[in-house]
Protein chains: 2
Amino acid sequence: MDNKISTVGKVQTQSVKFEDRFILESGKQLEGFEMVFETYGNLNQDKTNAILICHALSGNHHAAGYYEKSDERKGWWDNLIGPGKAIDTDKYFVVSPNNLGGCHGTTGPASVNPKTNEVYGPDFPVITVLDWVNCQALLTDYLDIKIWHSVIGGSLGGMQALKWAMVYPERINKAGVIAAAPKLSAQNIAFNEVARQAIITDPDYQEGHYLKAGKSPKRGLRLARMVGHITYLSEEAMRDKFGRELKEGKLGFGFDVEFEVESYLRYQGDIFSENFDANTYLLMTKLLDYFDPADKHNGDLVKAFEPIKAQVLVIAFTSDWRFSPERSKEISNALLEANKNVSYLEIESTHGHDSFLFSEDRYVNAIKAFLGNNQ
Amino acid sequence: MDNKISTVGKVQTQSVKFEDRFILESGKQLEGFEMVFETYGNLNQDKTNAILICHALSGNHHAAGYYEKSDERKGWWDNLIGPGKAIDTDKYFVVSPNNLGGCHGTTGPASVNPKTNEVYGPDFPVITVLDWVNCQALLTDYLDIKIWHSVIGGSLGGMQALKWAMVYPERINKAGVIAAAPKLSAQNIAFNEVARQAIITDPDYQEGHYLKAGKSPKRGLRLARMVGHITYLSEEAMRDKFGRELKEGKLGFGFDVEFEVESYLRYQGDIFSENFDANTYLLMTKLLDYFDPADKHNGDLVKAFEPIKAQVLVIAFTSDWRFSPERSKEISNALLEANKNVSYLEIESTHGHDSFLFSEDRYVNAIKAFLGNNQ
């Protein structure tokens, strides 16, 4: 089978409703929630082949395959998940949920609050990576999976995998922590803050009650996404992709689109602003800023990692300036110092932070080998 | 005299009106314009000691001294310009204009168009670095200066110094090109584009006619400045300055200011949005994007630099990721290849792009030596 074109095919979104009160890290609570997810491949009889996929900031549960054959866009990790691929659905049962607070089916700010019968909007509580991991643990119980073969994700997804290994050490054999960081830098937070301010200061944000008002802070979301996109790509990738190419071939001495890169950013911003919920974006950037696994240990990562039993693979990409290899090394070095089973791999790639979405050979092979070995 | 506290003292803004039609690089024209500037020190009898200071994106003519003794903020290069300082006003006659299109006195979008008796607003033509240099040449004539001892500036100011050396080789002895780039990268343009889109999509922008409408696109300007500030500081400077410090000491699980870096960015954005004209900001980012000294030579910088006669000092800062040392080296390498008199200096500094506004010893001494030698 040709790996390049193999696919899990047509997929369906599944859903589960957790009725019990769910206590968040902030102390707030939800009176239950719904969670959507997709699965690819089959669970074996021992239930030892399940892999949990954790999505990043603006991701969702649609990680592989397609809904309709005519879909131009496949799942966001379709290049890695499928029969014979790095995350091989011939061997593994792959589970990919949409996280709490999301806007693609799982309960989030755009859902109706059963207590008030109104949309949550800005009243949806701020959530954390720990909350996400706890939700995913409920899903794990629901699927009757005792222990994950692996939990894996890129960027914010990698942070979830790391948190899984810390919080549920008995329920995870391997953690794939890709293009992540142990916590955000001041610069990372600064970019997130610009994105949040773009949304919050958009007059159509209506203090978060835009759905009720029949509006949408599209201008703010669009700007937030434009800023985000700059940090996802490397300077090199931007140069290779756009250079200083002019759309019309000459300077226009005006403010219409002139350079190709402007056109790209506006397009990305436009699409995103049509398809994503602003309150969800706010929540997710905040969740990123808050992530700090060593916060209960005075910043001591080694101590924080003590409970970990999983085998960990940390992968970083040379051109990633959002979460640079140095940040990944902080994770792997602390794991080493804590005497954990960890491998660190730095992949040459020009795609910047987005590299985790691409299929560099070394990257694909590393994941395949990591999942396949039985150490 | 202690260099640290020496100052040019109280300064006054001067002004000159150029009545003649001024043809811009775009082909458009202005029916004359007014230019404000400051001078520090005295012109010698031979008129051989005049130094032109070129300001950057959001800078202006107030480069040294103060207007009132109570002013907390001195001119933007007061640490470098003054008696006994790097740009020594005991020896040199320093001239610092506000550039065309500005919003601090020189004719710009907020000025009245004499043709229509209305504010220019968005009808102010797009200008280029060449236009700026040509304006400054008019000021040079007005001051009866035949040849500049030096033209010097940081960032966009360095680009002007470089252009001076190319366009008026007989009128400039030395060019100080600090923290500049031969042209903007796709990433640089992308950041400018986000800033522009923030302004243009602010409903109060009113398609540029905000002054007429009695409004101001402050939200957009604020965001534009916030994005800018991230690119002016190095990741290291941000970490040292803010780290992940929380303003209230603990997480608030909300969207008020939490991290110190958020507070800083909002503050900077607020101040700027009160004091800068949005149309000027649009013009200046565009002027940066357009800068491409080799555009008439198929991208061949060596050819473009052929006319240069000035001695050039190129300075870059290690932590500057907006215009990295690699970009400065492109300039100095091309000058070398064109057999020009050029020195390249890379300064260790943690302040990022803003380093050119600081007073690292090596930096200060290098400028002093460069201006003082009589090669």
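Owing to the predicted nature of the structure, the values given are computational and were not obtained by experimental measurement. Throughout, a chain's letter reflects where its sequence line sits, starting with A, and its residues are numbered from 1.
- Heavy atoms of A:L283 lying under 4.5 Å from chain B belong to its backbone as well as its side chain.
- At a 4.5 Å heavy-atom cutoff, the contact between A:R196 and chain B is made by side-chain atoms alone.
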From CA spacing to verdict: side-chain hydrogen bond (donor to acceptor under 3.5 Å, both in side chains), A:S58, A:R225: CA-CA 10 Å; A:S58 57; A:R225 187 59 167 186; 3.0 Å; yes

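- A:S155 and A:H353 share a side-chain donor-acceptor pair at under 3.5 Å.
- Salt-bridge formation is not detected for the pair A:D202/A:K215: no Lys NZ or Arg NE/NH1/NH2 atom is positioned less than 4.0 Å from an Asp or Glu carboxylate oxygen.
- With chain A as partner, the option from B:K286, B:E245, B:E260 having the largest number of non-hydrogen pairs under 4.5 angstrom is B:K286.
- Among A:L282, A:T128, A:D295, the residue making the largest number of heavy-atom pairs under 4.5 Å with chain B is A:L282.
- Every residue meeting the side-chain hydrogen bond (donor to acceptor under 3.5 Å, both in side chains) condition with A:E274, not counting sequence neighbours, appears here in chain and number order: A:K218.
- The contact between A:K183 and chain B is made by backbone and side chain atoms together, counting heavy-atom distances below 4.5 Å.
- For the side-chain hydrogen bond (donor to acceptor under 3.5 Å, both in side chains) test, residues two or more places apart in sequence or in another chain that qualify with B:Q268 are B:H229.
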Would you sort out whether B:E236 and B:S319 count as a side-chain hydrogen bond (donor to acceptor under 3.5 Å, both in side chains), showing the intermediate values? CA-CA 8 Å; B:E236 197 180 350; B:S319 60; 5.3 Å; no

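- Of the two parts of A:Y290, the backbone and the side chain both hold a non-hydrogen atom closer than 4.5 Å to a non-hydrogen atom of chain B.
- Centroid-to-centroid, the aromatic rings of B:F317 and B:F323 stay 6.0 Å apart or farther.
- For the set B:L233, B:V227, B:L184, the entry with the most heavy-atom pairs within less than 4.5 Å of chain A is B:L184.
- Ranked by non-hydrogen atom pairs under 4.5 Å with chain B, the options A:Q197, A:E235, A:K28 are led by A:Q197.
- Within the 4.5 angstrom heavy-atom criterion, no atom of A:L24 approaches chain B.
- Of the atoms belonging to A:V126, heavy atoms from both backbone and side chain fall under 4.5 Å from chain B.
- Top candidate by heavy-atom pairs under 4.5 Å with chain A, chosen from B:M226, B:K241, B:M238, B:R219, is B:R219.
- Salt bridge annotation for A:K296-A:E25: present, with a cationic side-chain nitrogen under 4.0 angstrom from a carboxylate oxygen.
- Interface remark: A:Y264 contributes no atoms to any contact with chain B (heavy atom separation under 4.5 Å).
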Starting from the C-alpha separation in whole Å, work towards a yes-or-no answer on side-chain hydrogen bond (donor to acceptor under 3.5 Å, both in side chains) for A:Y232 and A:D320. CA-CA 8 Å; A:Y232 305 152; A:D320 183 352; over 6 Å; no

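- Heavy atoms closer than 4.5 Å to chain B are found in the side chain of A:L265, but not in its backbone.
- Using a 4.5 Å cut-off between heavy atoms, A:D289 contacts chain B through both its backbone and its side chain.
- Of the listed residues (B:R239, B:R266, B:R222, B:R244), the one with the most heavy-atom contacts under 4.5 Å to chain A is B:R244.
- No other option in A:G220, A:G243, A:P203, A:G252 has as many heavy-atom pairs under 4.5 Å with chain B as A:P203.
- Residues B:K250 and B:E258 are not paired through a salt bridge, judged by the lack of any N-O separation under 4.0 Å between the basic side chain and the carboxylate.
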